[in-house]
Each structure stands twice: as structure tokens, then as C-alpha cells.
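Fair warning: this is a prediction, and the values are worked out from it, not measured in the lab. Along the sequence shown, residues carry numbers from 1.
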Amino acid sequence: SVSMMAFVSPYFDFLGRSRWLFSTRWDHVCQVRAVLPSSFEEVFQRAGSAVVSGWNSGLRAVEEEFPSSVGLNRVGDGSLSSTRSAWRECAAVAVEILVLVLGEERLDEESPDLVILVNKRAVAEVVRSVLNQREGLDTVKVNVWSEWARRQGPGRCAMDAKAVVVLVEPSEEVMWLSPIECGAQRVVALQGVMNNGIEPYQLAFFIRAMSGWGYVMCELPE
């Protein structure tokens, strides 16, 4: 753990892409947490809880970033095996989010529309395989974003206000924003590749190793 206070704020790199920057400014809300998760399973559980806490507090769109179990960065050594492990871990967080949402709304007559959007078919296959292992999640829609966007079409983009949309590794700005423009009120981006910090997204869960310092972590609702 780290004893200093630190914060995470958005900035733009030399290519104009939005990134998160560590600073000690007091006008941001994410501070170093003294109690780190004891396992990756706890990371997934707490990441899921942080998302739902953000939605329950009135945030419409939140994002999360966490290390992969195969390495200190998000995708390990960059191999296909590490990349697929990172996709499975995104799916594990998605499972925690969806289980919490369904648990809160289990007394409703109609379950909310649950949609997962991914950037390519290989990701969809991995995410689907993880969801199939959990009872009650076999009907969750896993869509390749480009195909989903084509199906919506001009004038047909509408999502129920109760819909829950999980973006896995969104990159293009339009992928981040399209569910919101379609009316979704509960959106989360997991392991965004570009455009991190884009409005109206707020950081819900963030953990990263700081060489020689320990870890920096942000977690809602704290």
C-alpha cells in the first residue's frame, strides 16, 4: 500500500488521445486506497460492486481499469494466451456486475435488457464462454459492436432506460458514446483502449502498480 495521497485525472497525449494521469491535485476524487484486494477474484468482485455503486449514486456511465493476472499490465506479455486471459477477466467482472444488477431487481416483473458490446468476434466468443458458466446469464446478448451498430441503423437507435450495457475494451470514440446516445442509462467500459476519461464517463474502479511505490487505486463509493 501507499501512504501518500494521489489522484487520477484525465489528460491528452501527443496523439490527442485521452489518458489518465496521476497527480496530487485536490480537486479530483480518486485517492490511494490503503486496503488492496487480496486476490484477483476479489478484484473482480470489488470492480463489479464499484460499478453498481456508481450507477446507484446517479452516474450514467463509468469505466474501470485493472491489471491482468498474467502480468502487471492489462494484457500481460501481449501474447494471444495473455490477451485471451485478459478478455476472460473482463468477462468475470461483467458477470459480477450483471449478477448484482439482477439481484437488486429480482422482484421486478421484467428483467433489464443486458447487453455486452465487444470490438471483435474473438472477444465475443471468450466472453460468451464465461457467461455460459453462470446460471441465469445464458440469455445475455454479446454483440460485436460494428454489427450491433449496423443493426440499429438511422432512426432506430433506442435502448430502454433500464438497459445495462457493458463495453469490453472499447477503442473508438463512437463505441464509447453510441449506447449513451441510444438512451442507455447504465453503461460501463471495461479496460478501455483509447478515449479513457471521455465525458460523461466517470472512473469507478482503477488499480495500477507503481514501480517502487506500490499501487494506486480508486474505488467507488469511497
Side-chain angles (χ1 to χ4, degrees), residues 1-11 18-76 85-105 116 130 164-170 176 180 185-222:
S1 64
V2 187
S3 59
M4 63 173 286
M5 299 290 288
F7 297 85
V8 183
S9 60
Y11 79 103
S18 176
R19 291 290 181 265
W20 292 105
L21 172 70
F22 300 105
S23 73
T24 53
R25 293 179 56 190
W26 289 85
D27 56 347
H28 296 285
V29 298
C30 296
Q31 68 181 42
V32 170
R33 184 183 176 92
V35 181
L36 291 167
S38 59
S39 65
F40 278 95
E41 287 73 19
E42 186 180 348
V43 169
F44 306 150
Q45 293 168 359
R46 283 167 58 171
S49 296
V51 168
V52 177
S53 293
W55 288 337
N56 289 344
S57 69
L59 297 179
R60 181 179 183 184
V62 296
E63 61 176 298
E64 300 196 319
E65 184 174 318
F66 43 87
S68 169
S69 61
V70 295
L72 288 178
N73 60 31
R74 290 183 301 174
V75 292
S85 291
W87 295 341
R88 283 192 291 271
E89 288 164 4
C90 280
V93 174
V95 166
E96 295 295 337
I97 294 168
L98 299 179
V99 167
L100 286 169
V101 169
L102 291 174
E104 289 184 348
E105 302 179 9
I116 296 180
V130 174
V164 172
V165 182
V166 179
L167 305 178
V168 176
E169 294 187 351
W176 288 74
I180 298 170
Q185 298 295 314
R186 293 183 289 186
V187 184
V188 56
L190 303 179
Q191 306 290 56
V193 179
M194 295 176 65
N195 294 297
N196 305 78
I198 190 172
E199 293 185 352
Y201 284 85
Q202 300 290 323
L203 199 59
F205 187 88
F206 180 95
I207 181 170
R208 179 175 291 178
M210 300 288 283
S211 179
W213 290 87
Y215 289 82
V216 65
M217 183 169 181
C218 165
E219 181 179 20
L220 291 179
E222 300 184 15

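- Under the side chain to side chain donor-acceptor pair (under 3.5 Å) criterion, W87 pairs with E169, sequence neighbours left out.
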task = Decide side-chain contact (heavy atoms from CB on, under 4.5 Å) for Q202 and L220; before the verdict, give the C-alpha distance in whole Å, the side-chain angles of both, and the deciding distance to 0.1 Å.
result = CA-CA 10 Å; Q202 300 290 323; L220 291 179; over 6 Å; no
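- Each of V93, V51, L190 was compared with V166 under the side chain to side chain contact (heavy atoms under 4.5 Å, CB included) criterion, and only L190 meets it.
- Every side chain to side chain contact (heavy atoms under 4.5 Å, CB included) that V95 has, sequence neighbours left out, goes to V99, V130, L131, R134, L137.
- E64 and A50 make their closest contact through OE2-CB, 4.0 Å (heavy atoms, listed as atom of the first residue, atom of the second, distance).
- Distance check, rounded to the nearest 0.5 Å: OG of S49 to CD of E219 gives 8.0 Å.
- Scanning all heavy atoms of the two residues, the minimum distance from E63 to G197 falls at OE2-N, 2.8 Å.
- Taking each heavy atom of F44 and A92 in turn, the nearest pair found is CD1-CB, 3.8 Å.
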message = As a quick check of understanding, evaluate side-chain contact (heavy atoms from CB on, under 4.5 Å) for Q191 and E65, giving each step before the final call.
response = CA-CA 5 Å; Q191 306 290 56; E65 184 174 318; 3.5 Å; yes
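- E42 pairs by the salt bridge (Lys or Arg N to Asp or Glu O under 4.0 Å) definition with R46, not counting sequence neighbours.
- For the pair A204 and V62, the tightest heavy-atom approach, listed with the atom from each and the gap, is CB-CB, 3.8 Å.
- Every residue two or more places apart in sequence or in another chain that forms a ring-ring contact (aromatic ring centres under 6.0 Å, His included) with W176 is listed here: Y201.
- Residues passing the side chain to side chain contact (heavy atoms under 4.5 Å, CB included) test with R60, sequence neighbours excluded: I180, Q185.
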message = Please determine whether side-chain contact (heavy atoms from CB on, under 4.5 Å) holds for the pair W55 and I97, giving the CA-CA distance in whole Å, both sets of side-chain angles, and the decisive distance to 0.1 Å.
response = CA-CA 11 Å; W55 288 337; I97 294 168; 3.7 Å; yes
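- The two residues F205 and M217 have their closest heavy-atom pair at CE1-CE, 3.3 Å.
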